[in-house]
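Accompanying notes for the structure given below.
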Amino acid sequence: AVSSFRLDELGRDVVLVNHHLFFADLAIRTSRAGVEVLPPYEAVIFDEAHALEDVATAYFGLAVSSFRLDELGRDVVRSLADRPDLQTLVKDRTAELDRASARWFEGVARALRGAARGGWRRGPGPSRGSGAAAGAGGEDVRTELTREMLAPLAPDADRLAGALDDVRELFVDAEAPGLAALGRRASELRAELAAVTALGEPSHVYFGEVRGRGVFLRAAPVRVGEELVERLYRRVDTIVFTSATLAAAGRLDYFRREVGLAPELDVTEAIYPGPFDYATQAALVVPQGLPEPADPGFFAAAAAAIRELTAITGGRAFVLSTSNRGMVLLRDLLRDLPYQLLLQGERPKGKLLELFRESPSVLFATQSFWEGVDVAGEALSLVVIDKLPFAPPGDPIGAARGRALEEEGRDAFAELTVPAAALALKQGFGRLIRSRADRGLVAVLDRRLVTKGYGRVFQATLPPAPLLRGLEEARRWWERGGGKGPV
């Protein structure tokens, strides 16, 4: 996604590009001399800058997946469709690549799932299949890679490396650019596979994921800010970061640390008020009497609260969960609500939003609806958030960054976990008020927002809406038309 225009007064060209293409180009141009996608630039303005850390982390690391191996095999076969004299040789090589990839990634998937359950064992490998199907047949997981996990899989890794070498040798001396590119892809995949399984760079965290039918092995920088300093900040004159969710509890310390804006850099910062009057347009509700999220009775109590809240607003609600399990469980507990019920994943995102706007609805969703979704007007009058959006404790990148802070003698929970979750909560809150005419309620069903000391950080990060401590207060606020008098 690239567009450009000229600022005539300045005589400068402006190129508009999304974060992913920008960092893909930056990763290429700083690792391969002379290779670049975007034209040279002197200044960068990052909108939605709160997303930079995650995008930069993805592009400054390594990723090898079963999908990439499967795609290589298909492209090799297609590239020689008009060469029957080579078909037998090609089919033999790609069939071995397919078998070796399937066995390796199936073994990795079993190891990852076993590690996620607290222990793992290696079962028999598949006799047939493709790399793209390697993740099928079990739960999705994301966990750190270890040498103990990968050591029993070494013979299968060697077999896969050999199969990639065979494909590379087919095309390494090819005169046709397209065929030579296939050889380079095989060589690069072999090198990246070796690098991501060697676990050899202390500055990186190594982890694996099983998602649907895919298996992914990744290496990500622990301190992505240091990468940004070397790859970007030292190469341009000016950088501007802007977003509605950069400041945690009114301070930019967390954002500055995560993106490498160290004190010695010349940084000017400012926090500006937004365009909305949250004191009258919105209210924050934390219903009393709910158990803590770890309590076995939490979801039943949360569903009861949602039932009462949707009765106040006539549906027209987003119910945002921090997990797929919570999303589905809440929808199942509330199947009898007298509104159209929508569930993330049952239809494309655009279609869900179209249906949501058409009639009073309750949409149950997770991460993809926490930000970047704009439903202005009365169609959305209530946002319910089930739990404070702390990162999962086993998340490999978050855990590695927490360890790095603790090694410096710092408090990872206070300096990393809490501000990250507070900013995520603000993103969820931000779904409600999208114009000066909007009004509505945001309900957080996690009592820790008002009972824990760190809850003050969350409250100070959210927009300045009044805090209501009960459903009856919420009803009165709604019925009188917002914050126009005493509750």
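In this chain, numbering begins with 1 at the start of the sequence shown. Keep in mind that the numbers below use all heavy atoms, side chains included, and drop hydrogens, waters and symmetry copies.
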Would you say Val373 and Leu353 make side-chain contact, with heavy atoms under 4.5 Å? yes
Between the side chain of Gln340 and the main-chain N/O of Pro360, is any donor-acceptor distance below 3.5 Å? no
Decide, yes or no, whether a salt bridge links Asp25 with Arg29 under the criterion of side-chain N to carboxylate O below 4.0 Å. yes
What residue pairs, at least two apart or across chains, pass salt bridge (Lys or Arg N to Asp or Glu O under 4.0 Å) with a residue in residues 230-243? Glu227-Arg231, Glu230-Arg234
Straight-line distance of Leu449 CG to Lys387 NZ, nearest 0.5 Å: 15.0 Å
Ring pair (Phe, Tyr, Trp, His ring centres under 6.0 Å) partners of Phe46, counting only residues at least two apart: Phe22, Phe23, Phe241
For Phe364, give me all partners under ring pair (Phe, Tyr, Trp, His ring centres under 6.0 Å), at least two apart in sequence or on another chain. none
Just wondering, do Arg74 and Val77 contact through their side chains at under 4.5 Å, heavy atoms? no
What residues form a side chain to side chain contact (heavy atoms under 4.5 Å, CB included) with Glu407, not counting sequence neighbours? none
Does anything in residues 176-188 form a side chain to side chain donor-acceptor pair (under 3.5 Å)? List the pairs, not counting sequence neighbours. Asp75-Arg185
Pairs under 3.5 angstrom only: tabulate donor-acceptor contacts from the side chains of residues 55-63 to other protein residues two or more places apart or in another chain.
residue: Thr57; atom: OG1; partner: Glu53; partner atom: O; Å: 2.7
residue: Thr57; atom: OG1; partner: Arg401; partner atom: NH2; Å: 2.9
residue: Tyr59; atom: OH; partner: His20; partner atom: ND1; Å: 3.3

SB check Glu71 Arg68 (cutoff 4.0 Å): no
For Arg218, enumerate each residue passing the side-chain hydrogen bond (donor to acceptor under 3.5 Å, both in side chains) test, keeping only those at least two apart in sequence or located in another chain. Glu209
Side-chain donor-acceptor pairs under 3.5 Å in residues 413-427, sequence neighbours left out?
residue: Glu415; atom: OE1; partner: Arg410; partner atom: NE; Å: 3.0
residue: Glu415; atom: OE1; partner: Arg410; partner atom: NH2; Å: 2.7
residue: Lys426; atom: NZ; partner: Ala244; partner atom: O; Å: 3.0
residue: Gln427; atom: NE2; partner: His50; partner atom: NE2; Å: 3.0
residue: Gln427; atom: NE2; partner: Thr245; partner atom: OG1; Å: 2.5

Do Glu106 and Arg103 sit within salt-bridge range, that is, some charged N less than 4.0 Å from a carboxylate O? no
Side chain to side chain donor-acceptor pair (under 3.5 Å) assessment of Thr366 paired with Gln344: CA-CA 7 Å; Thr366 57; Gln344 176 185 320; 3.0 Å; yes
For the pair Glu408 and Arg257, evaluate salt bridge (charged side-chain N to carboxylate O under 4.0 Å, His left out) and give the outcome as yes or no after the intermediate values. CA-CA 14 Å; Glu408 297 175 357; Arg257 186 185 68 247; over 6 Å; no
State, yes or no, whether a side-chain contact exists between Val76 and Arg93 at a heavy-atom distance under 4.5 Å. no
Excluding sequence neighbours, so at least two apart, what forms side-chain hydrogen bond (donor to acceptor under 3.5 Å, both in side chains) with Glu406? none
Flag the pair Asp166 / Leu97 as yes when at least one side-chain heavy-atom distance between them is below 4.5 Å, and no otherwise. no
Among all residues two or more places apart in sequence or in another chain, which pass the side chain to side chain contact (heavy atoms under 4.5 Å, CB included) test with Arg434? Asp374, Ala376, Arg431, Asp438
Does any non-hydrogen side-chain atom of Leu69 lie less than 4.5 Å from one of Leu164? yes
How far apart are the closest heavy atoms of Val44 and Leu232, and which atoms are they? CG2-CD1, 4.5 Å
Gap separating the CG atom of Leu246 from the CG atom of Leu252, nearest 0.5 angstrom: 6.5 Å
Here the gap from Glu144 atom CD to Asp395 atom CG, rounded to the nearest 0.5 Å, amounts to 10.0 Å
Heavy-atom distance under 4.5 Å between the side chains of Val375 and Phe356, does that happen here? yes
Taking only residues two or more places apart in sequence, or in another chain, which ones meet Ala400 in a side chain to side chain contact (heavy atoms under 4.5 Å, CB included)? Val205, Val222, Arg403
Below 4.5 Å, heavy atoms only, C-beta onward: do Leu145 and Leu217 meet side chain to side chain? yes
Say whether, by atom type as modelled, one donor and one acceptor occur between the side chain of Ser361 and the main chain of Ser359 under 3.5 angstrom. yes
Filter on ring-ring contact (aromatic ring centres under 6.0 Å, His included), then keep only pairs touching residues 179-237, sequence neighbours left out; what's left? Phe67-Phe216
Between Leu265 and Gly260, the two heavy atoms sitting closest are CD1-O, 3.5 Å
Could you state the interatomic distance from CZ (Phe298) to CG (Leu329), rounded to the nearest 0.5 Å? 10.0 Å
